[in-house]
S.K.: 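One structure coming up, written as structure tokens, with questions to follow.
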Amino acid sequence: MTPPPKPRVGARLARWALVLSVLGAALRLVGLGRQGLWSDEQFTLLQTSSTWGRVFQMGSAEVHPPTFAILAHLWVGAVGGSTSEARLLPALIGILTVLLAWRGLRDCGFDATTRNVLTAMVACSGMALVHTQDFRSYGLLLLFSTGATAAALRLAQERSFRRSHVLALWCLAASATHLFGMLLGLCLAVALRAGRLPGRSVRPAVLAALVPQVLWCVPGVLFTDGFAEGAKFPAPDLHALTDLLMAVLGGGHPTQVAGGFRFPQPWLLVPVLVLAVLALAAHRRPGARTGAIDAFALHRRVLGVTVLLLVFGTWTVSQAVHLWTLRNLIVVLPATVWWFGLWIRSTTLDATVRDRLTAALLGALTLSLTMTGLGLWRPYKTDFTRAIQWYVSIKQERPELLLVGNVNPSWALGTDIQSDPDAFHQLTAPSRIVDRDTFPLDAIPRQLPTVYLYYLTIGQSSAEKDQIVVDQARGDGQCTVEPLEQIVAVFCDPVAH
């Protein structure tokens, strides 16, 4: 009996990429309650877990419209406000983003392998994975950015005026979510004009991108005290560009920094850059250009111009309104990874070379997804939740326990511990609230068993600070350290000595 023919290499690569997309989407649902709520998530949960008045009052000075806050308020009211319940919303948005990428790229003229590879690059991105497990607006911004970028590619492919209104709707949604969503819409419009689309095809996208920000920011600047003053991040320098590239093409264990989450491990960055260089070299060889390659040229041009303009635009805006943070720049992720992916997929007439480069890319994505999944299982967010639970466990056994530090009721958000200020005060009494700027002046020997809990600065290791407290507070007592992410946690018990 003749054996059945082996499947084509392209079909196997397409299935490999599809499996990675499914795994990346599923990973968004894993361990939603494992990391504690960090300070920005606490703000959003506090804003959305009470009344509509609080939603708009707390968000009135934000530079970004309250689209996600409105959605989150409805979600918390219907589902609940525990850590895992709250994060289920952005996780589902993240899964929808992967589906949208796969569906949105269907009519852009790509073959099945290219389409699945581009989808996998969004699904396996460490930056996307982190922020779709974050109770903030960044996952929603990624969803709308993916939709807008895919709609722009389809408009470039079909050159149909009726498709311009689809792009306009995505730009409207992105702008209504974030200031950088407006910039994305404007950059896509300019990129499409660079692709020689008529002005009337991109005009709706420009108007749609401008309207939400004009309606939100103009009244905010005129009538709201302190509008947009919450952003205290420094203006970006050239080093910030490296951080951005590391974040967009990052993987492994994330590190929390003031502007979001950095990925210091180049699991995906180095292979992608190497493959892009090889693809460029193959593309420039004599005889490499074909009709199939030209079919991708317009898409690459639109994506490349979009990335350059968007990075320049966000950089320029951030010199005045300091919004250049890794989490805000998730808006550039779809265009960037798709631009690299198209370079690798549209290299040469030689299908063997193209498939080998694609297999190497999928191998890098597999490694990056694996290492990121393992990294997300380890603590990387400020561990307020474990800190307050640890304190309560000691307090239950030692009611006379003294608390010294800068603990506040927001630490209990997302847990079953009462975060109401009055109830929280009773729980933490007696206590001495010490500002982080005076740390560790109040870590002195005391007659009562004492817990020292200090939240210092995002990105700082607490190990050295723990030892400072131990050395200074030991006195006649026995001090032990509870290892917590970015929180000093020391228990000193004079009775145990």
Side-chain angles (χ1 to χ4, degrees), residues 14-35 37 41 44 48 67-68 70-72 74-76 78-106 112 115-151 169-170 173-174 177-178 181 247-248 250-251 254 260-261 268 327 330-331 333-338 341 362 365-366 368-377 381:
R15 286 196 293 271
W16 185 359
L18 187 61
V19 169
L20 286 177
S21 300
V22 173
L23 292 176
L27 188 57
R28 286 152 168 79
L29 294 173
V30 177
L32 293 179
R34 186 170 179 82
Q35 307 288 337
L37 294 172
E41 289 181 292
T44 302
T48 59
T67 302
F68 178 76
I70 294 171
L71 180 62
L74 296 172
W75 176 268
V76 171
V79 178
S82 71
T83 300
S84 57
E85 290 169 342
R87 287 186 180 146
L88 181 59
L89 172 62
L92 293 176
I93 291 174
I95 293 174
L96 185 60
T97 300
V98 177
L99 293 173
L100 175 64
W102 184 79
R103 176 62 181 83
L105 295 170
R106 187 181 68 175
R115 174 190 176 193
N116 290 354
V117 166
L118 298 184
T119 302
M121 295 189 75
V122 171
C124 298
S125 165
M127 187 182 198
L129 282 163
V130 164
H131 288 294
T132 51
Q133 290 194 340
D134 202 33
F135 192 58
R136 294 287 285 168
S137 62
Y138 312 114
L140 188 64
L141 177 61
L142 178 60
L143 172 70
F144 294 146
S145 300
T146 301
T149 306
L169 289 175
W170 285 115
T177 302
H178 198 281
V248 171
F261 301 93
L268 184 58
R327 56 182 183 264
I330 199 170
V331 67
L333 189 149
T336 304
V337 298
W338 289 350
L362 292 177
L365 285 172
T366 302
S368 178
L369 182 64
T370 302
M371 301 308 296
T372 303
L374 295 174
L376 294 179
W377 200 251
K381 291 185 176 181

S.K.: S82: what forms a side chain to side chain contact (heavy atoms under 4.5 Å, CB included) with it, not counting sequence neighbours?
M.R.: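 S82 satisfies side chain to side chain contact (heavy atoms under 4.5 Å, CB included) with S84, E85 only.
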S.K.: Going through the checks in order, is the side chain to side chain contact (heavy atoms under 4.5 Å, CB included) test met by W75 and T48?
M.R.: CA-CA 9 Å; W75 176 268; T48 59; over 6 Å; no
S.K.: If you compare all heavy atoms of S368 against all heavy atoms of G251, which two are closest, and at what distance to 0.1 Å?
M.R.: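 Closest approach of S368 to G251: OG-CA, 3.7 Å.
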S.K.: Output every pair passing salt bridge (Lys or Arg N to Asp or Glu O under 4.0 Å) with a member in residues 17-27, not counting sequence neighbours, ordered by first then second residue.
M.R.: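 Listed once each, the pairs would be none.
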S.K.: Taking side chain to side chain contact (heavy atoms under 4.5 Å, CB included) as the test, write out the residues that go with A247, two or more places apart.
M.R.: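 So A247 forms a side chain to side chain contact (heavy atoms under 4.5 Å, CB included) with M127, L326.
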S.K.: Just to verify, what does F68 make a ring-ring contact (aromatic ring centres under 6.0 Å, His included) with, not counting sequence neighbours?
M.R.: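 With sequence neighbours excluded, F68 shows a ring-ring contact (aromatic ring centres under 6.0 Å, His included) to F135, given in chain and number order.
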S.K.: Tell me every residue that passes side chain to side chain donor-acceptor pair (under 3.5 Å) with H178, counting only those two or more places apart in sequence or in another chain.
M.R.: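 With neighbours one apart ignored, the set is H64, N328.
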S.K.: Search all heavy atoms of A101 against all heavy atoms of W338 and return the closest pair with its distance.
M.R.: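 Residues A101 and W338, closest heavy atoms: CB-CZ2, 4.0 Å.
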S.K.: With R103, which residues qualify under salt bridge (Lys or Arg N to Asp or Glu O under 4.0 Å), at least two apart?
M.R.: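 Counting only residues at least two positions away or on another chain, R103 forms a salt bridge (Lys or Arg N to Asp or Glu O under 4.0 Å) with D107.
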S.K.: Would you please test L333 and S125 for side chain to side chain contact (heavy atoms under 4.5 Å, CB included) and show each step?
M.R.: CA-CA 9 Å; L333 189 149; S125 165; 3.2 Å; yes
S.K.: Rounded to the nearest 0.5 Å, what separation is found between the CG atom of L365 and the CG atom of L23?
M.R.: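 Separation between the atoms: 12.0 Å.
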S.K.: Which atom names give the shortest non-hydrogen contact between C124 and L369, and what distance separates them?
M.R.: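 Reported closest heavy-atom pair: SG-CD2, 4.0 Å.
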S.K.: Going by side chain to side chain contact (heavy atoms under 4.5 Å, CB included), name the residues that satisfy it together with A174, two or more places apart in sequence or in a different chain.
M.R.: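 Per chain and number, A174 pairs via side chain to side chain contact (heavy atoms under 4.5 Å, CB included) with F144.
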S.K.: Would you give the length of the straight line joining atom CG of L105 to atom OG1 of T149, rounded to the nearest 0.5 angstrom?
M.R.: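 If we round to the nearest 0.5 Å, L105:CG and T149:OG1 are 9.5 Å apart.
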S.K.: Using every non-hydrogen atom in the two residues, find where Y138 and I330 come nearest and quote the distance to one decimal.
M.R.: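 Taking every non-hydrogen atom into account, O-CG2, 3.7 Å.
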S.K.: What is the minimum heavy-atom distance between T97 and G139, and which atoms define it?
M.R.: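 Nearest heavy atoms, T97 then G139: OG1-O, 4.3 Å.
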S.K.: Can you tell me how far OG1 of T83 sits from CG of L37, rounded to the nearest 0.5 angstrom?
M.R.: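 That separation rounds to 4.0 Å.
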S.K.: Side chain of R28, backbone of G24: donor and acceptor closer than 3.5 Å?
M.R.: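 Judged by distance alone, yes, a pair lies under 3.5 Å.
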S.K.: Among L142, L71, L141, which residue satisfies the side-chain contact (heavy atoms from CB on, under 4.5 Å) criterion with T177?
M.R.: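 Between T177 and the candidates, side-chain contact (heavy atoms from CB on, under 4.5 Å) is satisfied uniquely by L141.
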S.K.: Minimum heavy-atom separation for V98 to S21, with atom names?
M.R.: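 Taking every non-hydrogen atom into account, CG1-O, 3.9 Å.
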S.K.: How long is the span from the OG1 atom in T119 to the CG atom in L20, to the nearest 0.5 Å?
M.R.: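 Result: 11.0 Å between the selected atoms.
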S.K.: For residues 115-125, which residue pairs pass the salt bridge (Lys or Arg N to Asp or Glu O under 4.0 Å) check, not counting sequence neighbours?
M.R.: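 Passing the test, one end in residues 115-125: no pairs.
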S.K.: What salt bridge (Lys or Arg N to Asp or Glu O under 4.0 Å) pairs are there with at least one residue in residues 127-150, not counting sequence neighbours?
M.R.: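 Checked against salt bridge (Lys or Arg N to Asp or Glu O under 4.0 Å) - neighbours excluded - the pairs reaching residues 127-150 are D40-R136, D134-K381.
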S.K.: So, N116 side chain and A14 main chain: donor-acceptor pair closer than 3.5 Å or not?
M.R.: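 Yes: the side chain of N116 pairs with the backbone of A14.
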S.K.: Using side chain to side chain contact (heavy atoms under 4.5 Å, CB included) as the criterion, list what pairs up with V30, not counting sequence neighbours.
M.R.: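 Applying side chain to side chain contact (heavy atoms under 4.5 Å, CB included) to V30 gives L27, W377.
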S.K.: Nearest 0.5 Å please: distance from the CE atom of M121 over to the OG1 atom of T336.
M.R.: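 Between M121 CE and T336 OG1, I get 9.5 Å after rounding to 0.5 Å.
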S.K.: Indicate every side-chain donor-acceptor pair of residues 87-95 with a distance under 3.5 Å to a residue at least two apart or in another chain.
M.R.:
| residue | atom | partner | partner atom | Å |
| --- | --- | --- | --- | --- |
| R87 | NE | E41 | OE2 | 2.9 |
| R87 | NE | Q133 | O | 3.3 |
| R87 | NH1 | L32 | O | 2.9 |
| R87 | NH1 | Q35 | O | 2.5 |
| R87 | NH2 | Q35 | O | 3.3 |
| R87 | NH2 | G36 | O | 2.8 |
| R87 | NH2 | E41 | OE1 | 2.8 |
| R87 | NH2 | E41 | OE2 | 3.4 |

S.K.: Checking W16 now: which residues fulfil side chain to side chain donor-acceptor pair (under 3.5 Å) with it, not counting sequence neighbours?
M.R.: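 With neighbours one apart ignored, the set is T366.
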